[in-house]
Amino acid sequence: MADVSDFTQLGVSARAEALRYGEVRRTVRQETARQEVLANLAAYQREFLHDEPVSMAHTYYHFNGRLYSQDNPHPLFEIRNQIDSREREGRTLAGFTAFETLINNGVSADEVFLWYSPAGRAGFEPPFDKIQYDSGRLYLGFKNSQDCSAHIDLKIAENRFPIVAFLNYLQAISGQPARIYQSPQEAKDYYLQHPLKSGLTGYEFFRAARNFLRNQQIPLEQTAYVSRRDSPQKQTHSFEEMFMTIWQQLGVNKNDSLTQREWPGIGENRVIRSEEILQLYLAQIAAYMQKYHLDKIMLYGCSASSQVERSTLFPQAISQLFVSSPLEAVLSSYSTAVRLLSGSGLKNKIEENSTVSITCPCGKSFPCNIGQIKEAGVLQCPHCHLKTTCWEAIIDAQLAKSHFSRN
């Protein structure tokens, strides 16, 4: 199992994560290292297994003009240090650095900043010459205060949504001079290195996005991304729907997030090996395959998709995953967190709670009968009539918020 090429097959490097876990544990504290592992597992499930078009919301902290993943200005948590300078021959790092500077220099509360990384080749240097991004990423930063900002990103199918026209529109209404591009690719390369300061608050940005769709005569429900596009569980997502999901995501306070929960029973000197990290990811994949009765699965990450077959990846892992082993101590001690990460904790609460209050982007709240929404397969606001088929993510976010506010 330790010999499995986990990066090329699974999209993760268990060895790198184990090394980072040890470094963070030694340099800062073990609880912070645990939080990172939990956050990575939750993001992996959302990104690679469910192929959700909207990421989880993250809070980044501002120190000395730079962004950090923890409220600690240690270089270990500096976001810039996590971007490889070889990716797209340095253009990705240059774009992020400019994005970071814009956010740190922004003075308006709740102002929105944008950065776009297009689909296509990840670079010409190894290993990026072998990676093809099959969707673009629209990164949004919401300035909360001078000390922190909320960040979230969207997957964009460039053959379905006119992302260049949208970015041009935002650049125009922000008062920046119009540019003329010789091709859509030139425009996308420009926006990779030149993020946008929108000058808009979150609400104004959502309204501007809706106005763009109307001006372009694009139906609000037009597909902008297809999740799990090669599987029986495929699902279409509109740009409007993505924004509704963003609204809900930003409503879940980071201090209530799963990554802040305790992992009892692990001493300060506990070292987690790369094999155990790998098996935590395998456990998530195995649970997904079992749920949908699959013998093979497509993993949809930020790079090209990969197919994993049970017979080749799990020759012995499935039957031995929960038997007595070093992994058992990890899973049993973290059972609450693992259940919540896998979604089963919230799914149990769906049965216990017949209704939940949902707040629409229009600002109005309304009670939602989960059983009825589940049966209809659509969530619709009775006030403005905005509707979405992405109801599970919205209800999960609200349930998570309610659950952690009670505990």
Q) Mind checking what makes side chain to side chain donor-acceptor pair (under 3.5 Å) contact with D189, not counting sequence neighbours? A)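 Per chain and number, D189 pairs via side chain to side chain donor-acceptor pair (under 3.5 Å) with R91, Q193.
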Q. By side chain to side chain donor-acceptor pair (under 3.5 Å), which residues pair with Y288, not counting sequence neighbours?
A.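 Y288 satisfies side chain to side chain donor-acceptor pair (under 3.5 Å) with R228 only.
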Any side-chain donor near an acceptor of the partner, [X] and [Y], under 3.5 Å:
X    : Y    : value
N211 : Y169 : no
H237 : S227 : yes
S69  : H58  : no
Y60  : N144 : no
S238 : E240 : no
Y225 : Q235 : no

Q | salt bridge (Lys or Arg N to Asp or Glu O under 4.0 Å) contacts in which one or both residues fall within residues 175-187, not counting sequence neighbours | A |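 Counting only pairs at least two positions apart or across chains, no salt bridge (Lys or Arg N to Asp or Glu O under 4.0 Å) contact touches residues 175-187.
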Is the shortest distance from a Lys or Arg side-chain nitrogen in [X] or [Y] to a carboxylate oxygen in the other one below 4.0 Å?
X   : Y    : result
R20 : E23  : no
D51 : K234 : no
E31 : R25  : no

(Q) Is it true that, when you exclude N215 itself, more than 12 heavy atoms of the residues, nucleotides or ligands shown sit nearer than 6.0 Å to its CG? (A)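 Buried by this count: over 12 neighbours within 6.0 Å.
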Q. Considering residues at least two apart in sequence or located in another chain, which fulfil the ring pair (Phe, Tyr, Trp, His ring centres under 6.0 Å) criterion with Y190?
A.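 Listed in chain order: Y181, H194.
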Q. Under the side chain to side chain contact (heavy atoms under 4.5 Å, CB included) test, which residues partner Q222, sequence neighbours left out?
A.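 Here the qualifying residues are I218, P219.
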Q: Quick one: which residue pairs count as a side-chain hydrogen bond (donor to acceptor under 3.5 Å, both in side chains) with a foot in residues 114-127, not counting sequence neighbours?
A: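 Output for this query lists R88-S117, Y116-E158.
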